[in-house]
Amino acid sequence: MPRADAQTIAASLVAWFADAARPLPWRAADVSPWAVLVSEFMLQQTQVARVVPRWEAWIRRWPTPSALAAEPPSEAVRAWDRLGYPRRALWLHRAAVEIVERHGGEVPADLDALLALQGVGPYTARAVAAFAFGARHPVVDTNTRRVIARAVAGQGEPGPPSTARDLGAMAALLPHDDVEARAFNAAAMELGATVCTARTPQCDDCPIAGACAWRAAGYPPYDGARKATQARFEGSDRQVRGLVMRELRGAHRPVMRAELAALWADAAQLDRAVAGLVADGLAVSDGEGFHLPEA
DNA sequence: GATCCGTGGGC
DNA sequence: TGCCCAAGGAT
């Protein structure tokens with residue numbers, strides 16, 4: 001795409017975002033880099049509406065990395081509640097410990113230092129660098145990938161992710177100015193989340209409809225490689241793990257294997273799920289039974 | 001690169 | 001109603 005067209009898309013999205021941005025609490029001017037980092041952990045594969053109340057409670061209770069690091073992982077897992085993928089709670093706690101140990105309790109601004117934190121990958125590292133510190137990095141999430149696929153590549157869906165390719169595509173659109181780049185990163189995500197959605201895109205409300213290659217091509221159906229479909233949840237190990245974790249969060253004492261048996265009829269699958277939780281550090285087994293990790 | 005990992009919202 | 005998908009990361 002010619003640079004001029006890229007600039008048109010960027011400028012249009014930035015202008016739109018100034019009005020259309022949802023007032024999400026972690027976008028407030030006075031939030032700390034830690035608060036931004038917490039939001040990004042919680043938002044991994046989890047919708048905004050479910051995150052907001054958990055984030056507010058979390059920041060109130062643990063306003064700094066040091067505050068979280070001072071408590072056992074079990075408290076992080078309990079506060080995570082039912083956000084899903086409880087490994088993220090464990091990783092966020094570990095990241096807080098790493099921030100205390102390696103960075104004096106201050107969230108690092110450096111991209112490589114962020115990437116080195118537990119649970120921080122290509123997306124989260126750049127999101128924190130860009131949104132918390134104002135650095136000019138391309139930030140690519142699932143929303144951004146869909147917007148680029150449609151507006152730039154003229155395809156209905158983005159196809160399988162590739163970090164290098166996706167970051168390159170976003171970098172080619174990124175405004176040179178730091179402030180503009182930050183807004184554009186947020187704007188692309190916002191458009192994908194609220195207008196250029198996966199299911200029923202609201203093209204009539206789209207600020208870049210006039211520049212959209214997919215629209216210009218007549219909305220051709222996607223015929224490229226599909227991303228792998230999620231495995232069925234009902235009856236899966238993930239379902240069993242979720243049931244066990246709910247039990248362990250609620251029980252403030254060790255839970256015996258015999259008690260867990262009430263959660264799932266298939267004993268072999270239950271054992272497999274519990275073993276997986278132990279291997280992941282989400283559950284600990286001792287002579288008394290199973291419980292959340294205390295250290 | 002393919003799989004696994006929770007929980008629930010929206011259509 | 002069941003299915004798709006969600007501000008990803010680790011292995």
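The structure displayed is predicted, hence computed values, not measured ones.
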Under the ring pair (Phe, Tyr, Trp, His ring centres under 6.0 Å) rule, collect the residues that match up with [X], sequence neighbours excluded.
X: A/W80; result: A/W58
X: A/W55; result: A/W26
X: A/Y222; result: none

- Where each residue is assigned the nucleotide of DNA chain B containing its nearest heavy atom, which of A/A228 and A/F233 is assigned the position nearer the 5′ end?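 Taking each residue's closest nucleotide, the earlier one in sequence belongs to A/A228.
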**Prompt:** A/P160 or A/D81: which one's nearest nucleotide on DNA chain B is closer to the 5' end?
**Reply:**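 On the 5' side of the pair lies A/P160.
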Say we look at [N] and [M]: how far apart would their [atom1] atoms be, to the nearest angstrom?
N: B/dC5; M: C/dA6; atom1: C1'; result: 14 Å
N: B/dG6; M: C/dC4; atom1: C1'; result: 16 Å
N: B/dG1; M: C/dG8; atom1: C1'; result: 16 Å
N: B/dG8; M: C/dA10; atom1: C1'; result: 23 Å
N: C/dG9; M: B/dG9; atom1: P; result: 24 Å

Discussion item. For a quick check of understanding: with a heavy-atom distance under 4.0 Å over all strands, which category does A/P86 fall into, base, sugar-phosphate or nothing?
Written reply: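 It contacts sugar-phosphate atoms only.
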Sorted by number, the residues of residues 273-285 of chain A with heavy-atom contact under 4.0 Å to DNA chain B:
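Result for residues 273-285 of chain A: none.
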Name the atoms and distances for all side-chain donor-acceptor pairs under 3.5 Å in residues 177-187 of chain A, with sequence neighbours left out.
| unit_1 | atom_1 | unit_2 | atom_2 | d |
| --- | --- | --- | --- | --- |
| A/D177 | OD2 | A/V179 | N | 3.1 |
| A/D177 | OD2 | A/E180 | N | 2.9 |
| A/R182 | NE | A/A130 | O | 3.4 |
| A/R182 | NH2 | A/F131 | O | 2.7 |
| A/N185 | OD1 | A/V139 | N | 2.9 |
| A/N185 | ND2 | A/H137 | O | 2.7 |
| A/N185 | ND2 | A/A181 | O | 3.2 |

To which residues is A/L111 joined in a hydrophobic cluster, defined by side-chain heavy-atom contacts under 4.5 Å among Ile, Leu, Val, Met, Phe, Trp and Tyr, whether direct or through other members?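 So far as hydrophobic clustering goes, A/L111 is joined with A/L115.
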* **Hydrophobic cluster (4.5 angstrom, side-chain heavy atoms) - remaining members for A/V274** =>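 Hydrophobic cluster check, A/V274: joined to A/V77, A/L90, A/V240, A/L243, A/V244, A/M245, A/L248, A/V255, A/L260, A/L263, A/W264, A/L270, A/L277, A/V278, A/L282, A/F290, A/L292.
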Which atom pairs, donor and acceptor, lie under 3.5 Å between side-chain atoms of residues 96-104 of chain A and protein residues at least two apart or in another chain?
| unit_1 | atom_1 | unit_2 | atom_2 | d |
| --- | --- | --- | --- | --- |
| A/E98 | OE1 | A/Q118 | N | 2.8 |
| A/R102 | NH2 | A/A116 | O | 3.1 |

Could you tell me the separation between the [atom1] atom of [X] and the [atom2] atom of [N], rounded to a whole number of Å?
X: A/E234; N: B/dT7; atom1: CD; atom2: P; result: 12 Å
X: A/R241; N: B/dC4; atom1: CZ; atom2: P; result: 12 Å
X: A/Q269; N: B/dC4; atom1: CD; atom2: C1'; result: 14 Å
X: A/F41; N: B/dG6; atom1: CZ; atom2: C1'; result: 17 Å

Per-nt protein contacts along nucleotides 3-11 of chain C (heavy atom under 4.0 Å; B base, S backbone sugar-phosphate only, - none) come out as SBBBBBBS-
*Output yes when A/E259 and A/R253 qualify as a salt bridge under the 4.0 Å nitrogen-oxygen rule, no when they do not.*
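Salt bridge between A/E259 and A/R253, a charged N being under 4.0 Å from a carboxylate O: yes.
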Practice problem: Answer yes if the side chains of A/Y123 and A/E40 hold a donor-acceptor pair under 3.5 Å, and no otherwise. | Solution: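 Looking only at side-chain atoms, A/E40 and A/Y123 do form a donor-acceptor pair, the distance falling under 3.5 Å.
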